[in-house]
Protein chains: 2
Amino acid sequence: MQQELEKINQQLIRSQYKMTHQREATIRILLENEEDHLSAEKVYMLVKEKNENIGLATVYRTLELLCDLHIVEKMNFGDGVSRYDLRSDEHEHMHHHMICQICLEVKEIKDDWLKEIELRVQKEYGFKVSDHRLDFMGVYNNCNGKDCKKEDKLLA
Amino acid sequence: MQQELEKINQQLIRSQYKMTHQREATIRILLENEEDHLSAEKVYMLVKEKNENIGLATVYRTLELLCDLHIVEKMNFGDGVSRYDLRSDEHEHMHHHMICQICLEVKEIKDDWLKEIELRVQKEYGFKVSDHRLDFMGVYNNCNGKDCKKEDKLLA
DNA sequence: GTGACTGCAAAAGGTTTGCAGCGTA
DNA sequence: TACGCTGCAAACCTTTTGCAGTCAC
């Protein structure tokens, strides 16, 4: 995790950006919550919880910057806020997601199952795919919907 | 198209909703632009262009209603507005989309290529899929990006 | 030292809501 | 007639922007 942080820092510097406390704090939060899909507001709260000084506008600006550098992916699950997800190390494709309609939990599938289908898109539609997004809506077999009520998730 | 309209009307009535001019006009616009992915604002404009009286709030309320009935699908391509897409007749799955990064055109793939993959999600992750969303980002082989400038699309 | 970066507050969208009046069944 | 639906305007919420001051290099 320290070395991933370092890697991203280097990437910023290489691209002529300055490394500030706020940017580092933001990246650290993203790394610590790699499995989640944080909203800007949530990142802001988590940074402040650590007694680091930061403004919400800076969080937005940093996230946009990381997006431009393809370090994070901005996504939208339709609940009115944008969420940000670290791309995996190889910076290859976005993850696939499973969104449980009972508990609203979003889990990731890190395999890339679409290679074949992308070839088909290329062949049948003349469309060269450079990235994709695949979300499944459904229900976990073992979702009890008790310890993970919708309202809680929406507030989270 | 007339019979599709009729079908949706019946569905509304069956669900105890009233059939009003505004609702019918909205549905008609959606049917006439089935290939597009209209924003609420765009639907509003198109209805007004026909000299039908309607308020933007009503458009939003109607689209939400149609969403609840699974007649349209609300989606978000990350440009800050929600877009609405008629589900296909069988109301089965959402379409797949190809989003061109040069001209921003969104085209549909109506085949469902994910049956096998959904089985795999079920087996490997214990997640019962009821719907999915698949978007491809990339470039059309023959996209010239001339007659379809980004700015135009964003305003459209 | 200088240009990039930050925080604040205000502005800017898109979407939702309260309410009085209207129209459908 | 009664209740649902509509239009308007205000409210709301997330995100962006302008600007003066600060900080990294």
Side-chain angles (χ1 to χ4, degrees), chain A residues 8-27 29 37-48 50-69 72-84 151 154-156, chain B residues 8-27 29 37-48 50-69 72-84 151 154-156:
Chain A
I8 295 174
N9 287 357
Q10 290 308 322
Q11 206 173 337
L12 280 196
I13 290 162
R14 208 182 320 127
S15 307
Q16 317 271 13
Y17 293 107
K18 295 187 176 168
M19 182 46 55
T20 64
H21 295 137
Q22 292 88 339
R23 286 181 179 163
E24 181 157 337
T26 301
I27 294 166
I29 289 298
H37 303 76
L38 303 177
S39 62
E41 188 80 34
K42 195 76 196 285
V43 171
Y44 171 67
M45 281 165 43
L46 290 172
V47 172
K48 294 218 98 170
K50 292 197 168 180
N51 295 316
E52 307 252 16
N53 213 39
I54 200 169
L56 183 53
T58 301
V59 172
Y60 274 106
R61 283 188 278 230
T62 303
L63 289 171
E64 191 189 356
L65 172 63
L66 294 173
C67 235
D68 290 347
L69 294 176
V72 310
E73 187 70 38
K74 182 178 180 179
M75 51 186 56
N76 199 306
F77 293 118
D79 58 350
V81 294
S82 295
R83 290 169 186 280
Y84 300 84
E151 307 81 60
L154 288 171
L155 291 170
Chain B
I8 295 175
N9 286 357
Q10 290 308 322
Q11 206 173 338
L12 280 197
I13 291 163
R14 208 182 318 127
S15 307
Q16 318 272 10
Y17 293 106
K18 294 189 175 166
M19 182 47 53
T20 64
H21 294 138
Q22 291 88 340
R23 286 182 179 162
E24 182 157 336
T26 301
I27 295 167
I29 289 299
H37 304 76
L38 303 177
S39 62
E41 188 80 34
K42 195 76 195 288
V43 171
Y44 170 67
M45 280 166 43
L46 290 172
V47 173
K48 294 217 98 170
K50 294 198 170 181
N51 294 316
E52 307 252 15
N53 213 41
I54 200 167
L56 182 54
T58 301
V59 172
Y60 275 106
R61 283 188 279 231
T62 302
L63 289 171
E64 191 190 357
L65 173 63
L66 294 173
C67 234
D68 290 347
L69 294 177
V72 309
E73 187 70 38
K74 182 179 180 177
M75 50 186 56
N76 199 306
F77 293 119
D79 59 350
V81 295
S82 295
R83 291 169 186 280
Y84 300 84
E151 307 83 56
L154 287 171
L155 291 170

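All heavy atoms count here, side chains included; hydrogens, waters and symmetry mates do not. Note that the structure is a prediction, hence the values are computed from the model and not measured. Naming convention: chains lettered A, B, ... in sequence-line order (proteins, then strands); numbering from 1 in each chain.
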Could you grab the distance from atom CD1 of I13(B) to atom NZ of K18(B), nearest 0.5 Å is fine? 12.0 Å

Measure from CG on L63(A) to C1' on dT16(D) and round the result to the nearest Å. 14 Å

Taking R83(A) for its side chain and M75(A) for its backbone only, find out whether a donor-acceptor pair lies under 3.5 Å. no

Output the residues of residues 13-24 of chain B in contact with DNA chain C, where contact means a heavy atom of the residue under 4.0 Å from an atom of the strand; sort by number or write none. K18(B), M19(B), H21(B)

Closest approach of S39(B) to V81(B) (non-hydrogen atoms, all atoms of both residues): CB-CG2, 4.3 Å

Just the rounded figure in Å: distance from P of dT15(D) to OH of Y44(A). 14 Å

Evaluation steps, ring pair (Phe, Tyr, Trp, His ring centres under 6.0 Å), between F77(B) and H37(B): CA-CA 10 Å; F77(B) 293 119; H37(B) 304 76; 5.8 Å; yes

Could you tell me the boundaries of the chain A footprint on DNA chain C, defined by atoms under 4.0 Å from its heavy atoms? dG3(C) to dC8(C)

With side chains defined as the heavy atoms from C-beta onward, is the minimum distance between R23(A) and N9(A) less than 4.5 Å? no

Any sub-3.5 Å donor-acceptor pair from T26(B)'s side-chain atoms to Q22(B)'s backbone N or O? yes

Can you confirm whether T62(A) sits close enough to V43(A) that some side-chain heavy atom of one is under 4.5 Å from a side-chain heavy atom of the other? no

Distance check needed: dT16(D) P versus D79(B) CG, whole Å only. 12 Å

Out of curiosity, I29(B) CD1 to I27(B) CD1, how far, rounded to the nearest 0.5 Å? 11.5 Å

Is there a side chain to side chain contact (heavy atoms under 4.5 Å, CB included) between Y44(B) and I54(B)? Walk through the geometry before answering. CA-CA 7 Å; Y44(B) 170 67; I54(B) 200 167; 3.8 Å; yes

Residues from residues 51-62 of chain B lying under 4.0 Å of DNA chain C - heavy atoms: A57(B), Y60(B), R61(B)

Tell me whether S15(A) contacts the main-chain N or O of Q11(A) through its side chain, where contact means a donor paired with an acceptor under 3.5 Å. yes

Starting from P on dC5(D), measure out to CG on D68(B) and report it in whole angstrom. 12 Å

From CZ of F77(A) over to C1' of dT14(D), roughly how many Å is that when rounded to an integer? 17 Å

Output for pair (K50(B) NZ, M45(B) CE), nearest 0.5 Å, gives 14.0 Å

